[in-house]
Protein chains: 2
Amino acid sequence: MKQLKFSHQLCFPIYALSRLITSHYQPLLGELDLTYPQYLVMLLLWEHQSMNVKTLGETLMLDSGTLTPLLKRLEAKKLIKRVRSKEDERVVNIQLTPQGVALEQQAAQIPLRLADSLGVTPAEVQELKDAVTPLLYRLKPALKC
Amino acid sequence: MKQLKFSHQLCFPIYALSRLITSHYQPLLGELDLTYPQYLVMLLLWEHQSMNVKTLGETLMLDSGTLTPLLKRLEAKKLIKRVRSKEDERVVNIQLTPQGVALEQQAAQIPLRLADSLGVTPAEVQELKDAVTPLLYRLKPALKC
DNA sequence: TAAAATTAAATTGTATACAATTTAAATCCA
DNA sequence: TGGATTTAAATTGTATACAATTTAATTTTA
């Protein structure tokens, strides 16, 4: 059945490439004792200082079922604090601790080291981003979240 | 720190798009009681009849820690059989049951229905595959597996 | 305004992923 | 040939993902 041939599948290369890139991050992030999703959260906090769980979830396209335990692990490592909002008790704000702020210095070289590990040129990176990003944000509204 | 800006990250769009596409597969695969990685295994078996765990792992870039429990679940659903090779007792061959063979008919419309769900044109699909696939197979040898 | 509906997190349960180790079988080679 | 090495799966343990439900707080609205 031609349409079910494995090599015809679009999705597999994206699924496999995602895991492959993550595996290249792993030794770099391991030096900081972070996983890749934890690193994404830290990137957002370094940029925005404080975000709540809902906003983190919208940006990363992850739900509270994934984020709550992940954030508890970052809290256990003393990189963040989880603070319930005074104005709206349903909301939990995530803030960096001094250790969380300080970790940014150690992370500074990761993007360059990752590109080196992958052996990709800036042009290739841009081409790939240009191919993937529009589809991602066109599809995103279709999600329930 | 400019290089750590979230919007500059290459990897996130690929990571998020992979999960987003999988979420579009989910309702279609749910009709067959399959997950996306289980569907990938079934695609390979429909094409090749029999594959061992190692070959499945090389093709899907998954290790036995992922595949062994996944294959046990497919076996519990009576879609496959796990048969230890007579020639080499270390090898486990995966074979389709009659139910596993029959499921291909029910899966026939999934690729078209997925493309419809994503709202992508064949040209867009091809462009994306062309951007992703070369990098995937260039990076693959760097993996230990 | 008080019950109904909505919202934000947390919780529960299932299924990947993957590192690291273990087990058992096959192969190497001194 | 027989111990050392290698190989294929399985196992163990940790960390995502995500559907579905629950809990608690806020907002809507009759």
Side-chain angles (χ1 to χ4, degrees), chain A residues 11-12 15-27 29-30 33-41 51-77 80 82-94 143-145, chain B residues 11-12 15-27 29-30 33-41 51-77 80 82-94 143-145:
Chain A
C11 203
F12 174 71
Y15 160 76
L17 183 60
S18 172
R19 289 186 290 116
L20 193 51
I21 295 177
T22 302
S23 77
H24 281 258
Y25 268 111
Q26 199 277 325
L29 295 178
D33 190 26
L34 291 177
T35 64
Y36 179 66
Q38 290 170 8
Y39 172 67
L40 292 177
V41 168
M51 289 179 83
N52 62 42
V53 175
K54 176 184 160 66
T55 312
L56 278 172
E58 285 170 352
T59 310
L60 299 175
M61 306 185 195
L62 292 171
D63 68 9
S64 68
T66 302
L67 282 175
T68 295
L70 185 157
L71 293 169
K72 284 181 177 176
R73 281 187 282 272
L74 286 178
E75 187 177 45
K77 289 190 258 205
I80 65 165
R82 296 158 67 247
V83 185
R84 228 164 243 285
S85 165
K86 285 278 165 49
E87 301 86 56
D88 186 338
E89 293 264 340
R90 293 171 303 182
V91 174
V92 169
N93 289 122
I94 309 300
L143 275 189
K144 64 173 186 188
C145 75
Chain B
C11 203
F12 174 72
Y15 160 75
L17 183 60
S18 172
R19 290 187 291 115
L20 193 52
I21 296 177
T22 302
S23 76
H24 282 257
Y25 267 111
Q26 199 276 324
L29 295 178
D33 188 28
L34 290 177
T35 65
Y36 179 66
Q38 289 169 9
Y39 171 67
L40 292 177
V41 168
M51 288 179 84
N52 63 42
V53 175
K54 176 184 161 65
T55 311
L56 279 171
E58 285 171 350
T59 310
L60 298 175
M61 305 184 197
L62 293 170
D63 69 9
S64 68
T66 301
L67 282 175
T68 296
L70 186 158
L71 293 169
K72 284 181 177 176
R73 283 187 280 273
L74 286 178
E75 187 177 44
K77 290 190 257 204
I80 65 164
R82 296 159 66 248
V83 185
R84 227 164 244 286
S85 165
K86 284 280 166 46
E87 301 86 55
D88 185 337
E89 292 265 339
R90 294 171 303 182
V91 173
V92 169
N93 289 122
I94 309 300
L143 277 188
K144 64 173 184 185
C145 74

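Note that this is a predicted model, so its numbers are computed, not measured. Throughout, protein chains are lettered first and strands after them, A, B, ... in sequence-line order, and every chain is numbered starting at 1.
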What is the separation between atom [atom1] on [X] and atom [atom2] on [N], rounded to the nearest whole Å?
X	N	atom1	atom2	answer
Leu56(B)	dT16(C)	CG	P	14 Å
Tyr36(A)	dA19(C)	OH	C1'	20 Å
Asn93(A)	dA9(C)	CG	C1'	12 Å
Lys72(B)	dA10(D)	NZ	P	6 Å
Leu74(B)	dA15(C)	CG	P	11 Å
Ile21(B)	dC18(D)	CD1	C1'	17 Å
Arg73(B)	dT14(C)	CZ	C1'	8 Å
Leu20(B)	dA17(D)	CG	C1'	14 Å

Identify, between Leu70(A) and Asn52(B), the residue whose nearest nucleotide on DNA chain D lies closer to the 5' end.
->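 With Leu70(A) and Asn52(B) compared, the 5'-side residue is Asn52(B).
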
Minimum-distance pair of heavy atoms, taken over all atoms of Val41(A) and Leu60(A) =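 Scanning both residues completely, I find the closest heavy atoms to be CG2-CD1, 3.7 Å.
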
Heavy-atom closest contact (Glu89(B) atom, Arg84(B) atom, distance) =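 For Glu89(B) versus Arg84(B), the nearest heavy atoms are O-NH1, 2.8 Å.
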
Pick the nucleotide of DNA chain C nearest each of Arg82(A) and Arg19(A); which residue has the one closer to the 5' end?
->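 The answer here is Arg82(A).
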
Hey, which of these two, Gly65(B) or Thr55(A), hits DNA chain C nearer its 5' end, going by closest nucleotide?
->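 Residue closer to the 5' terminus by nearest nucleotide: Thr55(A).
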
Minimum-distance nucleotide (side-chain atoms of [X] versus [options]):
X	options	result
Arg84(B)	dA9(D), dA24(C), dA8(C)	dA9(D)
Thr66(A)	dA9(C), dA9(D), dA17(D)	dA17(D)
Pro37(B)	dA10(C), dA17(C), dT11(D)	dA17(C)
Asp88(A)	dT26(D), dA9(D), dT7(D)	dT26(D)
Leu62(A)	dT6(C), dA8(D), dC18(D)	dC18(D)
Asp63(A)	dA9(C), dA19(D), dA10(D)	dA19(D)
Val53(A)	dA17(D), dA9(C), dA26(C)	dA9(C)
Glu89(A)	dA25(D), dA17(C), dA8(D)	dA25(D)

Is there a donor-acceptor pair closer than 3.5 Å between any side-chain N or O of Arg73(A) and the backbone N or O of Gln38(A)?
->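 Such a contact is absent between Arg73(A) side chain and Gln38(A) backbone.
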
Tell me whether the OP1 or OP2 atom of dT27(C) has a side-chain N or O from Arg90(B) closer than 4.0 Å.
->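 For dT27(C), neither OP1 nor OP2 has a side-chain N or O of Arg90(B) closer than 4.0 Å.
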
For Tyr15(A) and dA17(C), is the shortest distance between a side-chain N/O and OP1 or OP2 below 4.0 Å?
->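 Checking dA17(C) against Tyr15(A), a side-chain N or O does come within under 4.0 Å of OP1 or OP2.
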
N/O donor-acceptor pair, side chain Ser64(A) with base dA8(C), under 3.5 angstrom =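 Flag unset: no donor-acceptor pair detected.
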
Would you check if Leu56(A) and Leu40(A) make a side-chain contact, meaning some heavy-atom pair closer than 4.5 Å?
->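 A side-chain contact is absent here, since even the closest heavy-atom pair is not under 4.5 Å.
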
Side-chain touch Ile94(A)/Val53(A), heavy atoms, less than 4.5 angstrom =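 Of all side-chain heavy-atom pairs linking Val53(A) with Ile94(A), at least one is under 4.5 Å.
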
Counting any heavy atom closer than 4.0 Å, what does Gln38(B) reach on the DNA or RNA strands: base, sugar-phosphate only, or nothing?
->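 It contacts sugar-phosphate atoms only.
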
Base, sugar-phosphate, or nothing: which does Thr35(A) touch, judged by heavy atoms less than 4.0 Å apart?
->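 Here Thr35(A) touches the backbone only, sparing every base.
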
Residues in ring pair (Phe, Tyr, Trp, His ring centres under 6.0 Å) with Tyr25(B), at least two apart?
->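 Testing Tyr25(B) for ring pair (Phe, Tyr, Trp, His ring centres under 6.0 Å), a comparison that skips the adjacent residues, returns Tyr36(B), Tyr39(B).
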
